[in-house]
K.L.:
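Before anything else, here's the structure in question.
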Amino acid sequence: MEKHIEIKLFATLSKFLPPDPDKFPISPGIKVRDVIRELKVPPEDVRIIFINSVRKDIDTVLQGGERVGIFPPLGGG
Amino acid sequence: MSETLVLESVASASREKKYPDGEPYKSLSVRDVFRISESLHIHGRQVETAALENGVIPERYARNRKMLLPEEQATLLRSSVSVVGLGGLGGAVIEILARMGVGFLNLTDGDKFEDSNLNRQLLSNEKNLEQTKAGAALRRIKEINSSVEVSVHEEFVSHENMFRILGKPDVIVDCLDNIKTRFVLEKAAQKIGCAYVTAAVAGVSGHVTVIFPGDPGLEMLYGHPDEAPSKGAEAELGNLPPVVTLMVSLQCSEVARILLGGKSILKNRILAVDLTDNTFEVLELE
């Protein structure tokens with residue numbers, strides 16, 4: 001059964017946002033890694049992944065309903 | 001210098017004033033701080049500290065007073081902060097810390113101003129291009145608050161020089177513009193045993209966090225130091241000024257909280273901002 005997640009991509013990654021980032025369809029049980037691949041985000045640009053406001057790793061399994069935020073490295077001062 | 005003489009000078013120079021809400025207080029003007037400091041051959045910082053310890057408010061801090069008790073203002077004046085990087089973040093951080101009344105500022109940057117700094121680096125102007133950022137920082141602090149004791153280092157921080165440069169501050173503020181050196185600074189903070197307040201920006205995004213000795217720290221943001229890139233998204237996006245000064249405000253707010261003994265709100269958390277849609281999120285790092 002199809003479920004949805006909410007996606008927020010920061011800084012340089014925002015150009016990979018899907019058309020409807022608040023309702024991105026997923027199959028429950030897939031990993032963040034799969035979403036990143038589907039969005040064509042270069043994996044080397046992924047530095048921090050947040051799921052429901054908590055830092056998680058790239059192999060975290062999604063069930064639908066989560067808010068997923070992804071950061072590239074920011075280093076400017 | 002006899003403490004009694006300082007207190008007598010402060011007491012005789014102080015004037016009754018009222019806050020905008022009508023509450024009376026004893027005020028010491030900037031000019032009187034200069035005068036006492038010169039006549040007794042002591043630093044303005046010592047005059048102001050003595051005043052605060054005796055319930056007299058140096059007028060330059062009068063608008064801090066409803067948020068900071070006199071003893072808290074005195075604590076700031078006795079506090080020491082090392083700011084590394086005097087560009088977009090650092091140039092504004094030192095402005096805020098000096099105005100707030102942090103008594104000792106240790107400032108480090110080996111860089112010089114260039115034209116492309118002018119959009120966001122408050123210390124830069126059309127007259128000081130190609131001059132050192134550290135020199136401009138020193139002049140700026142002296143103009144704003146001569147009660148702040150400033151030391152400057154016109155060099156880039158490295159593993160070799162970090163302890164000599166940083167001294168033993170209460171807090172280190174990371175305002176660097178590259179990721180590799182951030183790890184150097186974090187390591188120094190861990191060894192010195194002080195809090196490390198770090199922010200980074202790119203485009204209209206930024207994040208700020210506070211790392212204490214023993215915390216997992218920067219690796220949570222950038223991965224293992226050996227695999228971290230030197231530059232981040234800012235190489236592609238540049239930096240628009242609003243997010244820079246926004247991060248500065250958050251850094252300075254945390255610095256003051258830590259100096260005053262409060263619990264840091266951003267320990268093991270990151271405050272992430274994206275001004276494309278005004279996203280503000282506090283995210284848990286563990």
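Chain identifiers are assigned alphabetically (A, B, ...) following the order of the sequence lines, protein sequences preceding nucleic acid strands; residue numbering begins at 1 within each chain. Bear in mind that the values here come from a model prediction, so they are computed numbers and not experimental data.
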K.L.:
Can you tell which part of B:T279 gets under 4.5 Å to a heavy atom of chain A, answering side chain, backbone, both or neither?
P.N.:
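B:T279 touches chain A through side-chain heavy atoms alone.
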K.L.:
Decide yes or no for B:L283 and A:I48: does some side-chain heavy atom of the first lie under 4.5 Å from some side-chain heavy atom of the second?
P.N.:
no
K.L.:
Which bit of B:E219 comes within less than 4.5 Å of chain A, counting heavy atoms only: side chain, backbone, both or neither?
P.N.:
backbone
K.L.:
Any heavy-atom pair between the side chains of A:L74 and B:S205 that's under 4.5 Å?
P.N.:
yes
K.L.:
Measuring only between side-chain heavy atoms, which start at C-beta, is B:L285 closer than 4.5 Å to A:F50?
P.N.:
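Yes, at least one pair of side-chain atoms sits under 4.5 Å.
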K.L.:
Given a strict heavy-atom distance threshold of 4.5 Å, which part of B:V273 is in contact with chain A: side chain, backbone, both, or neither?
P.N.:
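Contact with chain A: backbone only.
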K.L.:
Grab the two heavy atoms, one from A:S53 and one from B:E281, that are nearest each other, plus how far apart they are.
P.N.:
OG-OE1, 3.2 Å
K.L.:
Might you work through the side-chain contact (heavy atoms from CB on, under 4.5 Å) test for B:I270 and A:F71, ending with a clear yes or no?
P.N.:
CA-CA 12 Å; B:I270 176 170; A:F71 267 92; 5.6 Å; no
K.L.:
Only pairs of heavy atoms separated by less than 4.5 Å count here; which of A:P73, A:S14, A:G76 has the most with chain B?
P.N.:
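Heavy-atom pairs under 4.5 Å are most numerous for A:G76.
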K.L.:
Given the rule in the side-chain contact (heavy atoms from CB on, under 4.5 Å) test, do A:K8 and B:D274 qualify, once you have shown the distances and angles that lead to the verdict?
P.N.:
CA-CA 10 Å; A:K8 169 76 187 167; B:D274 182 349; 3.0 Å; yes
K.L.:
Which residue out of B:V282, B:V244, B:L221 racks up the most heavy-atom pairs below 4.5 Å with chain A?
P.N.:
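Answer, by heavy-atom pair count under 4.5 Å with chain A: B:L221.
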K.L.:
Which bit of B:T276 is near chain A, if near means a heavy-atom gap under 4.5 Å: side chain, backbone, both or neither?
P.N.:
side chain
